[in-house]
Amino acid sequence: MDSKANPRTKRGPEKIIIFDTTLRDGEQSPGASLNVEEKLEIAKQLDRLGVDVIEAGFPLSSPGEMESVKLIAEQVRRPIICGLAHAQPQAVDAAWEAVKGAARPRVHVFLSSSDIHLFHQLKKSREQILEISRDMVARAKGYLEDVEFSPMDATRTDPQYLYCILEATIDAGATTVNIPDTVGYTVPTEFCALIQGIFKNVPNIRRAVVSVHCHNDLGLAVANSIAVLDYGVRQVECTINGIGERAGNASLEEIIMAIKTRGDLFKYTTSIDTTQIYRTSRLVSDLSGIIVQPNKAIVGANAFSHESGIHQDGVLKERTTYEIMDPRSVGLGGSTLTLGKLSGRHAFKSRLEEMGYTLSEEELKKAFNAFKELADKKGEVTDRDLESLVAEELRTISETYHLEHIQVSCGDPSVPTASVKLRTKEGQIIADAALGTGPVDAVYKAINRLVGVPNRLTEFSVKSVTQGIDAIGEVTIRIESEGKAYTGRGASTDIIVASAKAYMNALNRLLALKEKA
Ligand code: KIV
Ligand code: ZN
């Protein structure tokens, strides 16, 4: 590395703009379909986390997307709210329409720039692409000051042509130019050289913030994103839990904790409150149905657990022997306070408030009843239990069918049998029973007989929220119907009940979407 070319050595610590695209690129993860309320809830949590920019969606893509971007723009006032647009007039207009109510709106225009995309997909010449890019940035600039431009597939674009596009779009008014590694193809050394080339060959580059947007196809998204900071990149695009198209995007929590933990190397600041990381990760996983792998850095279930005796011994003697980060710095294990059977409504409410939940009277009543029921069963109720309980009680989507009752008989030898009662929207109770290969299979078959929507179960996972035999079990499932995937989540101290709830949750999502369509 040429140390003279390293802006870090010339200036003091600089702020890196954190651009979160969980609600846009993250939502492009297969199976992650969030409804409007869920997107708003995630946006509010991203605000608490402290991100600078929330890319809230791609407004032209559907009326639901337009609605959710508008709602986030109206209700989440601190961060910049960004709407994505492909380089067509109606997309730019729709993005502006969606974000114009924001305190700080941004429109993000993108168009492919690599020959491979131009030739095979867009069937346009380089000259045409340059002109469209310039025109669409100028169109957005006619509406607002803050305009971002992305030459898609930049890392497979001829650098000389990339320089021309960047220069033209900055002249047309782009205040941020983003360099996407759309297919996750580049590697750190090559990417750093590209960024150096951009700073050297684009004459007006200092008039814009240079951003990167890395995909993880080769597992290098985070490495690529942080390597280029030393070459002048000042905005990083990323997602919570690294979710996104295909293998996902660069993971926000990994980038942030790398910058923080290796403060000796990275002299940068961000506005992220790292103690909100864990909660944000859980929320995104719960609502999107995309499970975090146990060995995922920073937020995986095993990220801070030590299995080997030597490691445990070291950590007991001195935490830093085997822990490079304090789990409390990402919001894990801070509270030792647990609520129990005797805790009253006031203690319950204040604990939820400390955890960042503000509930209406009606919601509080519902959640408190569920808490009492849980405390009766399990004695001690931890923060993790409370999070699961709030998720279960308050995030109910509009239900076409409500699970009223299930009863299961199983054993060895026996034929697993389930009877199920559902309540329809109109209040009618319907009931049926079925046999299955196991208790969950029997429950799902009984529900299928009542709901009658053909679908295929493609994923089923069960995990316990806390340790102990009396822990709450959370079930996350994915079903597919007519080529679309739907996720469902259910929690209960009884995993068969949790499985039934998860299935009803997925079916209700499917039915709600069908009704809307
Ligand atoms: O990966 C990509 O190129 C994108 C653009 C829209 C920035 O997501
Ligand atoms: Zn992307």
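Both ligands and their constituent atoms are indexed starting at 1 by order of listing. Predicted, not measured: the structure shown is a model, and the values here were computed from it. Any value given below was found using the heavy atoms of this structure, including those in side chains, with hydrogens, waters and symmetry copies removed.
For F460, the ring pair (Phe, Tyr, Trp, His ring centres under 6.0 Å) criterion is met by no residue, not counting sequence neighbours. Looking at residues two or more places apart in sequence or on another chain, you find a side chain to side chain donor-acceptor pair (under 3.5 Å) between R126 and D115, D158.
With 3.5 Å as the limit, one finds no donor-acceptor pair spanning the side chains of S251 and N241. Side-chain contact annotation: Q276 with T280, donor-acceptor N/O pair under 3.5 Å absent. A donor and an acceptor atom, one from each side chain of D230 and Y268, are located under 3.5 Å apart. In the model, D153 has a side-chain atom that pairs as donor or acceptor with a side-chain atom of S114 under 3.5 Å.
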Which atom pairs, nitrogen or oxygen on both sides, join ligand 1 and the protein at under 3.5 angstrom?
residue  : atom  : partner : partner atom : Å
ligand 1 : 1 (O) : H213    : NE2          : 3.2
ligand 1 : 1 (O) : H215    : NE2          : 3.0
ligand 1 : 3 (O) : T182    : OG1          : 2.6
ligand 1 : 8 (O) : R24     : NH1          : 3.4
ligand 1 : 8 (O) : R24     : NH2          : 2.9
ligand 1 : 8 (O) : D25     : OD2          : 3.1
ligand 1 : 8 (O) : H213    : NE2          : 3.1

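Of all protein N, O or S atoms, those under 2.8 Å from the Zn ion (ligand 2) number 3.
A salt bridge does not link E482 to R456: none of the charged side-chain nitrogens sits closer than 4.0 Å to a carboxylate oxygen. A salt bridge links R489 to D286: at least one charged side-chain nitrogen sits closer than 4.0 Å to a carboxylate oxygen.
Of all the heavy atoms in A208 and A174, the pair that sits closest is CB-O, 4.0 Å.
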